[in-house]
Asks: 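If you scroll down you'll find the structure; I have some questions about it.
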Amino acid sequence: MKRTHNCGEVGVKDIDHEIYLLGWVHRRRDHGGLIFLDLRDRSGIVQVVVSSQDAELFATAEKLRIEYVVQVSGKAVKRSPETINQQIKTGEIEIKCSNLEILNTSKTPPIEIADATTEPDEMVRLRYRYLDLRKDKMRENLVFRHKLIRAMANYLDQKGFIEIETPFLTKSTPEGARDYLVPSRVNPGKFYALPQSPQLFKQLLMIAGMEKYFQVARCFRDEDLRSDRQPEFTQLDLEMSFVTRDDVIEVIEGTLKHTLAELEKDIDKYRGKRIPLIELPFPRLTWDEAMNRFGSDKPDLRFGLELVDISDLVRDTECMIFARTVAAGGAVKCINVKEGENKLSRAELEKLEETAKKLGAKGLAWLVLTSNGPKSPIAKFFKEEELELIYTRTKCETGDVLLFVADYFDIACNVLGEVRLELGKKMQLIDYNSFHFTWVIDFPLFEYSKTEKRWVSRHHPFTSPQGNLDEIEEKFLKEPGRIKAQAYDLVLNGTEIGGGSIRIHRADIQHKIFKIIGIGEEEINRRFGFLIEALEYGAPPHGGVALGLDRLVMMLAGMDSIRDVIAFPKTQSALCPLTGAPDVVDPQQLKDIHIRTAI
RNA sequence: GGGCCCGUAGUGUAGUCCGGUUUAACACGCCUGCCUGUCACGCAGGAGAUCACCGGUUCAAAUCCGGCCGGGCCCGCCA
């Protein structure tokens with residue numbers, strides 16, 4: 001169709017030229033004898049003027065309604081100075097309409113596209129997603145996402161990575177999230193699983209000698225949804241041969257630096273101001289450090305309020321809650337809320353304690369250091385010297401408030417970590433326009449699953465342990481919780497946006513790990529035999545990482561939900577209000593795939 | 001599986017606590033008419049709501065109670 005310009009790109013340079021435009025009626029201002037149209041396409045809007053001098057043309061223009069699709073042609077003319085609209089890019093000119101064709105009409109949309117002063121309920125937005133996506137904000141988000149993916153792919157291409165697609169119909173493997181299953185028609189009673197990640201295939205690609213692979217990969221996990229979790233999501237997945245952890249980290253840091261530099265203008269536009277570029281290298285915290293200082297394996301480094309361990313100082317105190325906890329091998333952790341005496345109300349303190357209790361702590365002890373000395377329900381149990389040591393360790397000064405949790409190490413950390421986040425928000429310590437990346441390294445290889453009553457892989461069972469691989473079994477028998485993995489997570493502003501590891505490339509070690517986490521010989525062969533066999537044919541040392549693209553885009557664009565950067569997301573109950581998926585199917589379809597439902 | 005919040009014209013909200021004063025209000029949108037310089041055009045008029053659904057209490061329910069469906073946030077879950 002004839003189109004000489006995009007709406008948002010007509011300008012002073014086009015004055016007196018005949019312009020052909022295609023687009024949607026964004027707004028219509030009917031003055032009786034003169035009609036103004038704001039015509040919109042993907043590039044922006046431009047004003048079209050239809051005068052009543054041409055009766056036939058004017059009659060057509062009178063029929064127009066919002067979101068009608070039209071072809072317009074006419075001369076671009078300069079606007080008189082008093083009619084220039086500074087608010088739009090094309091505001092210095094307008095199109096004097098000489099021809100107007102209605103390509104399609106539109107029902108009145110349930111979503112206001114032009115003047116979205118209020119946002120409809122998300123259900124309405126998802127039901128009419130194709131209208132919601134017409135809004136500037138949503139289009140910008142998708143364009144931004146596109147640019148980000150292109151920039152990353154270009155960078156990796158330059159660095160010698162090749163993009164390879166891996167199957168969606170693959171094999172269900174135990175461990176990890178619940179699988180989405182796909183029944184096989186040709187093989188009655190058998191199922192494919194949609195991949196939770198391309199993990200095993202990218203390892204096989206390394207064994208195949210591809211050396212550097214990447215993919216913008218769709219992943220599927222049948223778990224409950226959150227504002228940052230969808231049942232299908234996208235990862236920038238990569239894998240490299242002959243690398244150490246630091247080689248992988250360097251590639252990701254390089255990719256992000258390059259990408260954010262490319263997107264600098266877009267990010268600044270989102271934030272309405274200049275955002276400082278990221279500095280390389282990103283800081284690194286060991287997992288132990290992250291837990292100890294921030295009470296989280298995904299620490300938010302946008303503010304301080306770090307946790308302080310005072311277990312050793314209260315070992316022999318007469319405050320029995322503390323002393324007993326330490327004696328039992330637990331920890332006493334503390335946060336110093338600077339000037340908390342004035343900034344924290346009693347009600348707020350009580351709310352924090354409620355949070356602590358919900359998370360499994362027995363309580364949240366507090367101490368206010370007033371100008372008249374300590375005020376606290378537990379102060380009387382402490383000797384003067386003990387308090388002084390605590391003040392020194394926590395850098396506590398007059399007016400500060402100390403919050404304590406005494407419990408098992410992980411509970412104490414988790415609880416105070418949550419309290420810290422709540423305080424950060426409440427006391428407005430967080431700069432929402434800053435990006436704090438950090439690596440968390442040296443994760444434990446195993447963790448104990450209370451529900452399954454066994455040790456499981458913390459990351460996944462293909463992660464290489466640190467240290468001498470041949471000693472893995474002895475080490476596991478001695479101290480399973482102390483074994484560290486060659487794993488690393490990338491964290492941005494308190495959200496995990498990626499993770500990876502150096503993999504096990506020796507068949508014998510891989511076999512041992514499966515055994516350690518309690519997978520029987522028969523099951524190892526049935527589920528993972530192909531991997532172990534592949535490792536036996538000259539598998540190179542390799543490792544990689546995957547970035548959660550949806551989350552990354554969401555955070556860079558400053559959105560609160562991953563759904564705002566996904567074209568067609570699902571609701572919290574994993575439904576698609578637009579298509580109605582999932583839905584019942586024809587009985588014949590079920591018969592074909594040998595499925596009988598039992599509900 | 002659990003906790004909290006929400007559901008009122010096409011859209012966003014008020015009204016819900018404390019039942020009757022409401023013929024369910026307001027804004028945007030929509031329809032009709034008027035208007036040749038607007039740009040979130042303006043002016044005049046109009047239509048549009050089984051108050052999510054089902055049941056209960058009551059002389060009387062958008063309002064109270066129970067159930068149920070749907071949405072959101074979170075915990076669990078997410079190698």
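Chain naming here is simple, since letters A, B, ... match the order of the sequence lines and numbering starts at 1 in each.
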Asks: Looking across every strand, which nucleic acid part, if any, lies under 4.0 Å from A/D222 by heavy atom: base, sugar-phosphate, or nothing?
Replies: nothing
Asks: Provide the Watson-Crick or G-U wobble partner of B/rG7, both distances under 3.5 Å; none if there is no partner.
Replies: B/rC69
Asks: For nucleotides B/rU8 and B/rA24, find the distance between their C1' atoms and express it as a whole number of Å.
Replies: 8 Å
Asks: What's the CG-C1' distance between A/L39 and B/rU38, to the nearest Å?
Replies: 16 Å
Asks: Heavy atoms from C-beta onward define the side chain here; which of B/rG37, B/rG12, B/rC30 lies closest to that of A/E94?
Replies: B/rG37
Asks: Between B/rG66 and B/rA61, how far apart are the C1' atoms? Round to whole Å, please.
Replies: 15 Å
Asks: Which nucleotide in the set B/rC78, B/rG1, B/rG12 lies at the smallest distance from any side-chain heavy atom of A/D224?
Replies: B/rG1
Asks: Picking from B/rG37, B/rG71, B/rA40, which would you name as closest to the side chain of A/Q87?
Replies: B/rA40
Asks: Identify which nucleotide among B/rC31, B/rU38, B/rG29 has an atom closest to any side-chain atom of A/T83, counting heavy atoms from C-beta outward.
Replies: B/rU38
Asks: Can you tell me how far apart CG (A/N85) and CD1 (A/I93) are? Round to the nearest 0.5 Å.
Replies: 11.5 Å
Asks: Which is true for A/R127 with a 4.0 Å heavy-atom rule: it touches a base, it touches only sugar-phosphate, or it touches nothing?
Replies: nothing
Asks: Could you check A/V124 against A/D38 and say which one's nearest nucleotide on RNA chain B is further toward the 5' end?
Replies: A/V124
Asks: Going by the side chain to side chain contact (heavy atoms under 4.5 Å, CB included) test, name the single residue among A/Q199, A/Q235, A/E232 that passes it with A/C219.
Replies: A/Q235
Asks: Can you tell me if A/R65 touches the phosphate of B/rG29, counting only side-chain N or O atoms and a distance under 4.0 Å to OP1 or OP2?
Replies: no
Asks: If I pick the P atom on B/rA62 and the same atom on B/rU23, what distance separates them, to the nearest angstrom?
Replies: 12 Å
Asks: Would you mind reading off the distance between A/E418 atom CD and B/rC74 atom C1', rounded to a whole angstrom?
Replies: 10 Å
Asks: Would you say the side chain of A/T355 lies within less than 4.5 Å of the side chain of A/V415, judging by non-hydrogen atoms?
Replies: no
Asks: Work out how far the C1' atom of B/rC68 is from that of B/rG48, and round it to whole angstrom.
Replies: 29 Å
Asks: Under 5.5 Å between ring centres and under 30° between planes: true for A/H31 and the base of B/rC35?
Replies: no
Asks: Report yes if a donor N or O on one partner sits less than 3.5 Å from an acceptor N or O on the other, where the partners are the side chain of A/R29 and the base of B/rU36; otherwise report no.
Replies: no
Asks: On RNA chain B, compare the nucleotides closest to A/G176 and A/S573; which residue's is nearer the 5' end?
Replies: A/S573
Asks: Hey, can you tell me if A/H460 and A/F462 have their rings parallel, tilted or perpendicular (30° and 60° cut-offs)?
Replies: tilted
Asks: Report which part of the nucleic acid A/S561 touches: base, sugar-phosphate, or nothing (heavy-atom distance under 4.0 Å, all strands).
Replies: nothing
Asks: Assign A/L575 to base, sugar-phosphate, or nothing according to its heavy-atom contacts below 4.0 angstrom with the strands shown.
Replies: sugar-phosphate
Asks: Taking atom C1' in both B/rA47 and B/rG29, compute the distance separating them and give it to the nearest angstrom.
Replies: 13 Å
Asks: In whole angstroms, how far is the P atom of B/rG72 from the CE atom of A/M559?
Replies: 18 Å
Asks: Please determine, for the side chain of A/R229, which listed nucleotide (B/rA40, B/rG37, B/rC78) has the closest atom?
Replies: B/rC78
Asks: Kindly compute the distance separating CG (A/L57) from CG (A/N99), expressed to the nearest 0.5 Å.
Replies: 7.0 Å
Asks: Could you state the CD-P distance from A/E67 to B/rG29, rounded to the nearest angstrom?
Replies: 14 Å
Asks: What nucleotide among B/rC74, B/rG71, B/rG37 has an atom nearest to a side-chain atom of A/S227?
Replies: B/rC74
Asks: Base, sugar-phosphate, or nothing for A/R226, non-hydrogen atoms under 4.0 angstrom?
Replies: base
Asks: With a 4.5 Å limit on heavy-atom distance, are the side chains of A/I66 and A/S106 in contact?
Replies: no
Asks: Could you tell me how far apart A/Q53 (CD) and B/rU36 (P) are, to the nearest whole angstrom?
Replies: 12 Å
Asks: Could you tell me how far apart A/Q572 (CD) and B/rC69 (C1') are, to the nearest whole angstrom?
Replies: 16 Å
Asks: Can you see if the side chain of A/S51 gets near the phosphate of B/rU36 - specifically, an N or O under 4.0 Å from OP1 or OP2?
Replies: no
Asks: Take atom C1' in B/rC64 and the same atom in B/rC51, then report the distance between them in whole Å.
Replies: 15 Å
Asks: According to the Watson-Crick and G-U wobble definitions, with both distances under 3.5 Å, which nucleotide is paired to B/rC26?
Replies: B/rG12
Asks: For a quick test of reading the model, state the closest non-hydrogen atom pair linking A/R65 to A/E62 and the distance between them.
Replies: NH1-O, 3.1 Å
Asks: Look at the side chain of A/R28 against the base of B/rC41 and say whether a donor-acceptor pair falls under 3.5 Å; ignore hydrogens and angles.
Replies: no
Asks: Do any of residues 349-363 of chain A sit with a heavy atom less than 4.0 Å from RNA chain B, and if so which?
Replies: none
Asks: Let me confirm one number: the CG-CZ distance from A/L578 to A/R125, rounded to the nearest 0.5 Å.
Replies: 13.5 Å
Asks: A/I66 near the nucleic acid: base, sugar-phosphate alone, or nothing, with a heavy-atom cut-off under 4.0 Å?
Replies: sugar-phosphate
Asks: Can you tell me which nucleotide in B/rU32, B/rG10, B/rG76 comes closest to the side chain of A/P110?
Replies: B/rG10
Asks: Within the 4.0 Å heavy-atom criterion, would you say A/Q196 contacts the bases, only the backbone, or no part of the nucleic acid?
Replies: nothing
Asks: Quantified in whole Å, what is the C1' atom distance between nucleotide B/rG72 and nucleotide B/rC31?
Replies: 35 Å
Asks: Which listed nucleotide (B/rG29, B/rG71, B/rU32) is nearest to the side chain of A/M123?
Replies: B/rG71
Asks: In Å, rounded to the nearest 0.5 Å, how long is the span from CD1 of A/I441 to OG of A/S501?
Replies: 14.0 Å
Asks: Name the closest nucleotide to the A/R27 side chain, picking from B/rC39, B/rC73, B/rU38.
Replies: B/rC39
Asks: Could you please name the option among B/rG12, B/rG37, B/rA40 that lies closest to any side-chain atom of A/F36?
Replies: B/rG37
Asks: Check every strand shown and say whether A/T173 touches a base, only sugar-phosphate, or nothing at a heavy-atom separation below 4.0 Å.
Replies: nothing
Asks: Name the nucleic acid region contacted by A/T463, choosing base, sugar-phosphate or nothing; use a 4.0 angstrom heavy-atom cut-off, strictly under.
Replies: nothing
Asks: Any sub-3.5 Å donor-acceptor pair from A/N414's side-chain atoms to A/I411's backbone N or O?
Replies: no
Asks: Are A/E452 and A/R454 close enough for a salt bridge, meaning some N to O gap below 4.0 Å?
Replies: yes
Asks: Do A/Q47 and B/rU38 share a donor-acceptor pair, side chain to base, under 3.5 Å?
Replies: yes
Asks: Starting from P on B/rG10, measure out to CG on A/D121 and report it in whole angstrom.
Replies: 14 Å
Asks: What is the distance, rounded to the nearest whole Å, between atom CG of A/L34 and atom C1' of B/rG42?
Replies: 14 Å
Asks: Please give the distance between the P atoms of B/rC28 and B/rG46 as a whole number of Å.
Replies: 16 Å
Asks: Given side chains that start at C-beta, do those of A/R129 and A/P569 come closer than 4.5 Å, heavy atoms only?
Replies: yes
